[in-house]
Number of protein chains: 2
Amino acid sequence: MDQSLRALGGKAKAASARPATWPGRFRNGIAPRRILQTGDHLFEAGDAQSDAFIVRSGHLKSYRVHRDGEEQILGMHGPGDVLGFDILIGRPASCSVVALEIASLELVDLGRGEVGDAGTAGYMSVLEGMYRELQRFSRLLYMDRHPAERRLAEFLLDFSREEGERGRSYYDLMLPFNRRDLACFLGLAPETLSRTFSRFQERGILSVDNREIHIIDNEALVAAAGE
Amino acid sequence: MDQSLRALGGKAKAASARPATWPGRFRNGIAPRRILQTGDHLFEAGDAQSDAFIVRSGHLKSYRVHRDGEEQILGMHGPGDVLGFDILIGRPASCSVVALEIASLELVDLGRGEVGDAGTAGYMSVLEGMYRELQRFSRLLYMDRHPAERRLAEFLLDFSREEGERGRSYYDLMLPFNRRDLACFLGLAPETLSRTFSRFQERGILSVDNREIHIIDNEALVAAAGE
DNA sequence: CGTATGTTTGATAGTTTTCAACTTCAGTGG
DNA sequence: CCACTGAAGTTGAAAACTATCAAACATACG
């Protein structure tokens, strides 16, 4: 429980330019950074003494491991996403976050005690962030009840849109996740995911080379996503 | 997006006895009530001019209808749950809420503008409520990736625990939802749900008569839930 | 009663998982 | 330079699970 707080992320970015928007949120207006190498953990489930961060570059995944050893991936996080929700409300992390590639993160200092003092701006930002997160989960739940092709198509379109918004190509994608993680995130067996990629390639919708994906027929992909 | 805010609900209940816990949250300490008949809507997706409520008695469901006409049930709500999250943060309702039986609800007056003024108590309550909601969704996502038997077993154990916490029987359950709604909530076809009930009955785990469920072999049910 | 609605059951088709084998590729050491 | 090795990805065949279609059954209600 953390993540895609684009609303929060957006406001935080604005604040580093115009500190008045989010008074006292960043130390001296220059937020400390943290660099993670591939495989490094930002924090792990149970950690109580950490901080919240905004992703600046790179991708990370948040996950939990259940009693039976099963891994549940809760989210894939890229630039602009906020991680560390539990910490913001003073609870130990309910999930672990690990870097999938070299990642740069910026500290969010919501100094626990002063939340209510600084007016309603920070309050609303966090609330809206959580609200967006709820909507993300609600969407995941919805996706989970559709067949594999639709799930993958929706994911690729989401990822494509995000990459586009970050100024990169909509159609030439380099996935930061391996097959196993992506399969787990989509709730599929790795073999099923592989087969689905293959089928999309056979139909000329995608060109697939491991993590390098090219969207060839965007309309067909949108149709496969069913909306 | 609303619901199982047991944290929020709990505090609100305490507040009606000791208003100091949640200053100014209820009008004159006596919260206005609202009674819904079966099938009545509390609000519908898109409504902007509503309020947030705490369920006092009865059960309701929150749902959304997608473009393709598919219904997605986001939650089943009983006494203590809070409904109307979107409204609390000033957005139109993102889902509809309808009573599944006669229900009594109590108004939550978080008078939008004064959220930050009254100190951090209300702030933390809402945050914790949303946090619990995130955890509920995360659990739903997890459940959705298990086979039908396990899903039903987990649901029944959850429902049993909730009924027990409300002072009712853990083992003699009267479901407030019909098969179609429960199937939709669990992400199953109604026929699959019916068959799963039948199998549990054949194995002597449950006795099933439409909405009247008796848990006969609790250990076996726990085992079926896989934890 | 007759009708409408909700539930159960059976048969079948469709999808996904599982298990196993095979391929590819990067890294390693002879 | 090349064979060896292990991890990751792909493919095939069979099994497991679920949805769908159809029909029977039950119930409530006019």
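Numbers restart at 1 for each chain; the letters A, B, ... are given by sequence-line order, proteins then strands. Every heavy atom of this structure was used, including side-chain atoms; hydrogens, water molecules and symmetry mates were not.
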*Taking only the side-chain heavy atoms of B:N178 (C-beta and beyond), determine which of D:dT18, C:dG6, C:dT17 contains the nearest atom.*
C:dG6
_From the set C:dT17, C:dT8, D:dA19, return the single nucleotide nearest to any side-chain atom of B:A189._
D:dA19
*Round to the nearest Å and state the distance from A:D144 atom CG to C:dT15 atom P.*
18 Å
_Residue pair B:Y131 / A:D86, side-chain donor-acceptor N/O under 3.5 Å_ = yes
*Measure from the ring center of B:Y171 to the ring center of B:H214 and say whether it is less than 6.0 Å.*
no
*asked:* Tell me the interatomic distance from A:E191, atom CD, to D:dT11, atom P, rounded to whole angstroms.
replied: 12 Å
*Rounded to the nearest Å, what distance is computed from the CD1 atom of residue B:I213 to the P atom of nucleotide C:dT8?*
8 Å
*asked:* Measure CD/B:Q201 against C1'/C:dT7 and give the value in whole Å, please.
replied: 13 Å
*Roughly how many Å is it from CZ in B:F197 to P in C:dT9, rounded to a whole number?*
12 Å
*For the residue pair A:Y142 and A:H146, does the interplanar ring angle fall in the parallel (under 30°), tilted (30 to 60°) or perpendicular (over 60°) class?*
perpendicular
*Can you check the B:L175 CG to C:dT7 P distance for me, whole Å?*
10 Å
*Counting heavy atoms from C-beta on, name the nucleotide in C:dT18, C:dT7, D:dG9 closest to the side chain of A:N210.*
D:dG9
*Spell out yes or no: do the side chain of B:R195 and the base of D:dT20 have one donor N/O and one acceptor N/O closer than 3.5 Å?*
yes
*With respect to the phosphate group of C:dT17, does any side-chain polar atom (N or O) of A:T192 fall under 4.0 Å of OP1 or OP2?*
yes
*asked:* Does C:dT9 have OP1 or OP2 under 4.0 Å away from a side-chain N or O of B:S198?
replied: yes
*In whole angstrom, what separates B:R211's CZ from D:dA28's C1'?*
13 Å
*asked:* I'd like to know if A:R203 pairs up with A:E149 as an ion pair, taking the criterion as any Lys NZ or Arg NE/NH1/NH2 lying under 4.0 Å from an Asp or Glu carboxylate oxygen.
replied: yes
*Under a 4.0 Å N-O cut-off, is there an ion pair linking A:R64 with A:E44?*
no
*Return the value, rounded to whole Å, for the distance between atom CG of B:L193 and atom C1' of C:dG6.*
13 Å
*OP1 or OP2 of D:dT10 less than 4.0 angstrom from a side-chain nitrogen or oxygen of A:R179, does that happen here?*
yes
